[in-house]
> 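Quick one: this structure, given as structure tokens, is what I'll be asking you about.
Only this structure's heavy atoms are used, side chains among them; waters, hydrogens and symmetry mates stay out. Chain letters run A, B, ... following the sequence lines, proteins first, then strands; residues in each count from 1.
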Protein chains: 2
Amino acid sequence: MAHGGKLRPMKGIRQLAEHLDISIGTVSRALNGKPDVNEETRKRVLAAAEQLGYVANQSGRSLRQGTTNVIGLMIQSSRETVENSDNFFLTVTGGLQSVFSRHKLDLIMLPCPHDEDPYEYLKRMVARRIVDALIISETQRVDKRFDLLAKAKIPFAALGRSLSGTQHPWADLDFDGVANAAVDRLVAHGHRRIAVSAPSSDINLGFIFVDGYRRALERHGIAYDPALVIRAKSSEQGGYQVADELLGLENGPTAVILIYELMAIGFYRRVMEAGIIPGRDIAVVSFREAPRAKFLQPALTCFRTSVHDLGVELAEILLSSMPAYSQEYPRKTRQTVWPLELIPGESDAFRLKTAK
Amino acid sequence: MAHGGKLRPMKGIRQLAEHLDISIGTVSRALNGKPDVNEETRKRVLAAAEQLGYVANQSGRSLRQGTTNVIGLMIQSSRETVENSDNFFLTVTGGLQSVFSRHKLDLIMLPCPHDEDPYEYLKRMVARRIVDALIISETQRVDKRFDLLAKAKIPFAALGRSLSGTQHPWADLDFDGVANAAVDRLVAHGHRRIAVSAPSSDINLGFIFVDGYRRALERHGIAYDPALVIRAKSSEQGGYQVADELLGLENGPTAVILIYELMAIGFYRRVMEAGIIPGRDIAVVSFREAPRAKFLQPALTCFRTSVHDLGVELAEILLSSMPAYSQEYPRKTRQTVWPLELIPGESDAFRLKTAK
DNA sequence: CATAGTATCGTAAACGTTTACGGAGCGCGT
DNA sequence: ACGCGCTCCGTAAACGTTTACGATACTATG
């Protein structure tokens, strides 16, 4: 406590060094846990740093060693996403952070503006070099962003599969499995005409969902009818629209699989307006993200999972592909299809008296 | 096109300079629009930069001039927030970006982990120096963060008022006005016993809401009854709980004001379970954030506003308080109470046959 | 005692940029 | 011919770190 004490926010490591009468290099080594430093002096340095409130200037550090200790999560917040994403991202963020924080890595979210091309935005962010690695969400079927990142040699993982050539790490919800299990269940209940909702955007999840549905039908020997695949936004509005279109069909379905729980709300409303009751007159199965549709009557049969844990998995996948952390997270596979759990409800409770 | 063309991501401004046979200083000046450079050579530099895909290294830049061109939005994603916030933040982010992008400012979101003290988190982020300015959300009644930021002399604006001594810029939803208008409306309908929901966290918005409610009652000469103020989480669950507690009262209310639309969903469900129909047996008024509760029957009377525009306002407030931009955003006042609009529904349609 | 080895520390270069400063060239008026 | 102002550009220092390298002191070993 010879000098000033904790006055101003501290100028830099140099000031800290001369306050301790130690060379700046030693201070740096002490702070960063390097071996070439006496434990005694290391303690002094740490104590002084704490007392004077010194924190390393990130710009200087990253300029020198080319690393920032920051991981970026790019989200698009496109019009449709804003309406639907709910707290999906905040929840997955929690899972990511629970892993990253163990390594003193900070997570920041990079929201691409609506009116900017995601590719250009990402390019800018990569060039800024404020993140060491990236997590890409809302992956599209073919997504140029992966090529960009691969070329820039910046580690990344994707939340969602894609058809990209680059063999990158990803984790994805098992919407193929959801579609299969849903169809199986409905067929077991006697249904043959099963409709499905497809998202209106070209997010890859939608393709996987519909593909799974299609193959499941095939497996059961049921003909695929394009009229039963309804493109709609993944919102209440979209669910309402799905119901509306299906009601207009002359040979309508007896069951429907919705890709998003919010749709169930609108769907319920529309069919009930028409006097049709889910679980009695039509079977409904959906994916459920957050406990939004919990209040629906009759209770919605849905698939769900812990989005938080998905974040944990994704974080570990990413770290395992970063050279600096890969030995701490050894992995055989860096591509995870995340399972979902069926929560039986009443909305598909009835069994169809099959004509056959 | 003398040299290599666009091979690797480019090493730095130095490479760009020698590719053009120009000094590195001139290149920097050309890129940054400084006056001391021939328009002719500026064009050459810009073209070469574009062609070679050069983008300034942010670390070097910010190390030198202490500025990053990045604005941070700190969100807490506390347990409760995650469940409720919906897309509030993504929507307000859109508004912020629409302003920031005009100045080549990028917005990043800084999500404070659940298990970390927001104050410590913020301190760390400030020390990292990756943002030029900050937007603080989920302000608490007394919020140490403002003192920290004021002391660190980093520009900031708050989304939400607080009682802090520092006279900082902020924008806040007019929940005082909402409470007042709601009470006025309900009293005009003949109600005297009006309940209100208060958030369980110590977010300042809740205090303002309840304070406004209280003063409005006073204005109408209605006694304030603490039993009618129900603390609950701002979720469906919370709404359910509010209804439950109110049903348990021997001298229950004839009307209720909910602070959050999601609560209305749970509230509807619980009272309807008890055979009580909103808009006929009890009046319900709520704040509405996103069109979630649109499907409620009877239609919910609620207050709403454009969260996007609130973001725009907040961005302008922040910029007006930053020296580098203040002349572009001259302002008399930097504290905005953001108005909300009443959307009449059916949930408070009936008039009470007043006993008096 | 000489030597090698080890523990600890100081020195200085490097990261990529911005910018203060000065210099070169030029036109122009005296 | 001279000086002045202006335009344009090059030089080099500075921002705050990290780290390769060498220096020093001490210990162990022959």
> Within less than 4.0 Å of OP1 or OP2 of D:dG10, is there a side-chain N or O belonging to B:Ser23?
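Answer yes for this pair, as a side-chain N or O of B:Ser23 is under 4.0 Å from OP1 or OP2.
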> Any side-chain N or O of A:Asn57 below 4.0 angstrom from OP1/OP2 of D:dC15?
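Negative; the distance criterion is not met.
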> Ignoring backbone atoms, establish whether A:Arg61 has a side-chain N or O less than 4.0 Å from OP1 or OP2 of D:dT18.
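A:Arg61 to D:dT18 OP1/OP2: side-chain N or O found under 4.0 Å.
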> By nearest nucleotide on DNA chain D, pick out whichever of A:Arg29 and A:Ile24 is the more 5' one.
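Nearest nucleotide further toward 5': that of A:Ile24.
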> Hey, what do you get for CD1 (A:Ile13) to OG (A:Ser23), rounding to the nearest 0.5 Å?
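Those atoms lie 9.0 Å apart.
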> Hey, does the side chain of A:Ser28 come within less than 4.0 Å of D:dT17's phosphate (OP1/OP2), counting only N and O?
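Indeed not, no polar side-chain atom of A:Ser28 lies that close.
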> Is there a donor in the side chain of B:Asn204 and an acceptor in the side chain of B:Arg161, or the other way round, less than 3.5 Å apart?
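Short answer, no.
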> With respect to the phosphate group of C:dT17, does any side-chain polar atom (N or O) of B:Gln58 fall under 4.0 Å of OP1 or OP2?
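Checking C:dT17 against B:Gln58, no side-chain N or O comes under 4.0 Å of OP1 or OP2.
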> Assign each of A:Thr41 and B:Ser59 to its nearest nucleotide of DNA chain C by heavy atoms, then name whichever residue's nucleotide is nearer the 5' end.
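Here A:Thr41 is the residue nearer the 5' end.
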> Would you indicate what B:Asn38 reaches in the nucleic acid, counting non-hydrogen atoms under 4.0 angstrom: base, sugar-phosphate, or nothing?
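Sugar-phosphate, no base atom in range.
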> Pick base, sugar-phosphate or nothing for A:Ile22, based on heavy-atom distances below 4.0 Å to the nucleic acid.
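Counting heavy atoms under 4.0 Å across all strands, the contact made by A:Ile22 is with sugar-phosphate only.
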> Over all strands shown, is A:Asp36 touching base, sugar-phosphate only, or nothing at heavy-atom distances under 4.0 angstrom?
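Here A:Asp36 touches the bases of the nucleic acid.
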> Once hydrogens and angles are ignored, does a donor-acceptor distance under 3.5 Å link the base of C:dG16 to the side chain of A:Arg64?
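Not at all, since no donor on one side and acceptor on the other fall under 3.5 Å apart.
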> Which residue lies toward the 5' end of DNA chain C, B:Leu63 or B:Lys34, if each is placed at its nearest nucleotide?
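The residue mapped nearer the 5' terminus is B:Leu63.
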> How do A:Leu31 and B:Val37 order along DNA chain D: which one's closest nucleotide is nearer the 5' end?
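On the 5' side of the pair lies B:Val37.
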> Taking the inter-plane angle between the rings of B:Tyr325 and B:His103 on a 0 to 90° scale, is it parallel (under 30°), tilted (30 to 60°) or perpendicular (over 60°)?
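Correct class here is perpendicular.
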> May I ask you to say whether A:Asp36 pairs ionically with A:Arg29, meaning some side-chain N is under 4.0 Å from a carboxylate O?
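A:Arg29 and A:Asp36: not salt-bridged.
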> Indicate whether OP1 or OP2 belonging to D:dT19 is found under 4.0 Å from a side-chain N or O atom of A:Gln65.
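Affirmative; the distance criterion is met.
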